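See below for the structure under consideration.
Nothing here was measured: the structure is a model prediction, and the numbers come from that model. Labels below follow one simple rule: chain letters A, B, ... track the order of the sequence lines, proteins then strands, and each chain is numbered from 1.
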2 protein chains.
Amino acid sequence: MLTTEDIGRIIRFHRKKAGLTQVQLARLAGVGKTVVFDIENGKESVRLDTLMKILAALNIRIELNSPLMAAFHERDDEKS
Amino acid sequence: MLTTEDIGRIIRFHRKKAGLTQVQLARLAGVGKTVVFDIENGKESVRLDTLMKILAALNIRIELNSPLMAAFHERDDEKS
DNA sequence: ACGATATTACCGCTTTAGCAGTAATTACAT
DNA sequence: ATGTAATTACTGCTAAAGCGGTAATATCGT
């Protein structure tokens, strides 16, 4: 299971690889510096849109997975 | 890119497959019924922990992916 | 069509996330 | 060791997330 601490570590890793400080990343993502710090430290009660802005700024994509996801995507195919 | 609307659709699909109503899922996940409705309808400003409780209740796992994730996991290996 | 169940909408209320500003602490160069 | 930049910590404030309760729609089986 992916925890918020894992998410924080992943974001910090990507930020450093990108050569950004927390403040720079915050500006880039359009969020406050406080929440960048919070997320990197595994805060659970952050807002989803805030997290997604940061992930997008670092080119990290979210994926959901389960045994039912195949069936879900087949359902998408019907629409096309 | 995975949007919050996608997340909502995925959750609704899993909930129905599990034979649960929104209220039942809410109780199961330990959250309010309102937020289950909100998330299924793509609300962006939900809290991450709330979303994760619902995902856990439905056995859906979150994954983050990027070109740098391989390098990140190699870093984990050093610890073991 | 009817009744039962589920979903959606709206309501106050309480809690708190996010913010900028600032200060303190830590890390990292030279 | 000293100075510079980065991280962490704290604060007061505003906006809003989440909550249960209730009511209005919508959905579905029979």
Side-chain angles (χ1 to χ4, degrees), chain A residues 1-60 62 64 66 68 71-72 75-76 78-79, chain B residues 1-60 62 64 66 68 71-72 75-76 78-79:
Chain A
M1 250 279 293
L2 193 71
T3 66
T4 52
E5 272 130 25
D6 295 328
I7 294 173
R9 275 189 281 266
I10 291 168
I11 287 176
R12 174 165 290 163
F13 179 83
H14 281 74
R15 173 176 63 80
K16 298 230 169 185
K17 287 289 182 187
L20 297 169
T21 68
Q22 290 178 340
V23 174
Q24 288 172 328
L25 175 57
R27 299 193 85 81
L28 192 61
V31 302
K33 62 178 170 22
T34 311
V35 80
V36 172
F37 167 73
D38 288 342
I39 289 177
E40 285 194 0
N41 284 86
K43 190 179 187 188
E44 297 182 340
S45 56
V46 292
R47 281 169 46 169
L48 179 60
D49 53 354
T50 303
L51 174 63
M52 289 178 87
K53 283 183 203 165
I54 293 173
L55 293 177
L58 294 172
N59 272 302
I60 305 171
I62 303 187
L64 299 185
S66 85
L68 288 176
F72 176 78
R75 194 156 194 261
D76 282 349
E78 295 172 15
K79 290 183 191 164
Chain B
M1 251 278 292
L2 193 70
T3 66
T4 52
E5 272 128 24
D6 294 329
I7 294 174
R9 275 189 280 265
I10 290 168
I11 288 175
R12 174 164 290 161
F13 180 83
H14 281 74
R15 175 177 61 79
K16 298 229 169 184
K17 286 289 183 188
L20 297 169
T21 69
Q22 290 179 339
V23 174
Q24 288 173 326
L25 174 57
R27 299 194 86 82
L28 192 61
V31 301
K33 62 179 171 23
T34 311
V35 81
V36 172
F37 168 72
D38 288 342
I39 288 177
E40 286 194 358
N41 284 86
K43 190 179 188 187
E44 296 183 341
S45 55
V46 292
R47 282 170 46 170
L48 180 60
D49 54 353
T50 303
L51 174 64
M52 289 178 87
K53 282 183 203 164
I54 292 173
L55 292 177
L58 294 172
N59 272 299
I60 304 171
I62 301 186
L64 299 185
S66 85
L68 288 176
F72 176 78
R75 195 160 194 259
D76 280 351
E78 295 171 17
K79 292 183 190 165

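- The CD atom of E44(A) sits 15 Å away from the C1' atom of dT16(C) (whole-angstrom rounding).
- Ranked by how close their nearest DNA chain D nucleotide is to the 5' end, D49(B) and K16(A) are led by K16(A).
- Distance D38(A) CG to dT8(D) C1': 10 Å, rounded to the nearest Å.
- Considering only side-chain N and O atoms, T21(A) lies nowhere under 4.0 angstrom from the phosphate OP1 or OP2 of dA5(D).
- One interatomic measurement links the two molecules: CZ of R12(A) to P of dA6(D), which rounds to 14 Å at whole-angstrom precision.
- Rounded to an integer number of Å, the gap from CG of N41(B) to C1' of dT7(C) is 9 Å.
- Phosphate proximity of dA17(D) to S45(B): present, with a side-chain N or O under 4.0 Å from OP1 or OP2.
- A heavy-atom distance below 4.5 Å is not found between the side chains of R27(B) and K33(B).
- Under the 4.5 Å side-chain criterion, counting only non-hydrogen atoms from C-beta, K17(A) is in contact with F13(A).
- Put simply, CZ on F37(A) is 17 Å from P on dA24(C), counting in whole angstrom units.
- When each of dT8(D), dA17(C), dG18(D) is scored by its nearest atom to the side-chain atoms of K43(A), the top-ranked nucleotide is dA17(C).
- OP1 or OP2 of dA6(D) has not a single side-chain nitrogen or oxygen of R15(A) nearer than 4.0 Å.
- A residue-by-residue look at V23(A) and V46(B) shows that V23(A) has its nearest nucleotide of DNA chain D further toward the 5' end.
- Across all strands, V31(B) comes closer than 4.0 Å only to sugar-phosphate atoms, never to a base (heavy-atom distances).
- If you check dG18(C), dG18(D), dT8(C) against the side chain of T50(B), the one that comes closest is dG18(D).
- Distance CD1 (I39(B)) to P (dG18(D)): 7 Å, rounded to an integer number of Å.
- Rounded to an integer number of Å, the gap from L25(A) CG to dC19(C) P is 12 Å.
- Side-chain contact check for L58(A) versus L25(A): some heavy-atom pair is nearer than 4.5 Å.
- Within the model, atoms OG of S66(A) and CG of N59(B) stand 8.0 Å from one another, a figure rounded to the nearest 0.5 Å.
- For T34(B), the side-chain atoms get nearest to dG20(D) when compared with the rest of dG20(D), dT7(C), dC19(C).
- Using a 4.5 Å heavy-atom cutoff, the side chains of R12(B) and N41(B) are in contact.
- In this structure, CZ of R27(A) is placed 14 Å from P of dA6(D), rounded to the nearest angstrom.
- Between R47(B) and dT16(C) there is no side-chain N or O to OP1 or OP2 distance below 4.0 Å.
- Contact annotation: K33(B) side-chain N/O to dG20(D) OP1/OP2 distance is not under 4.0 Å.
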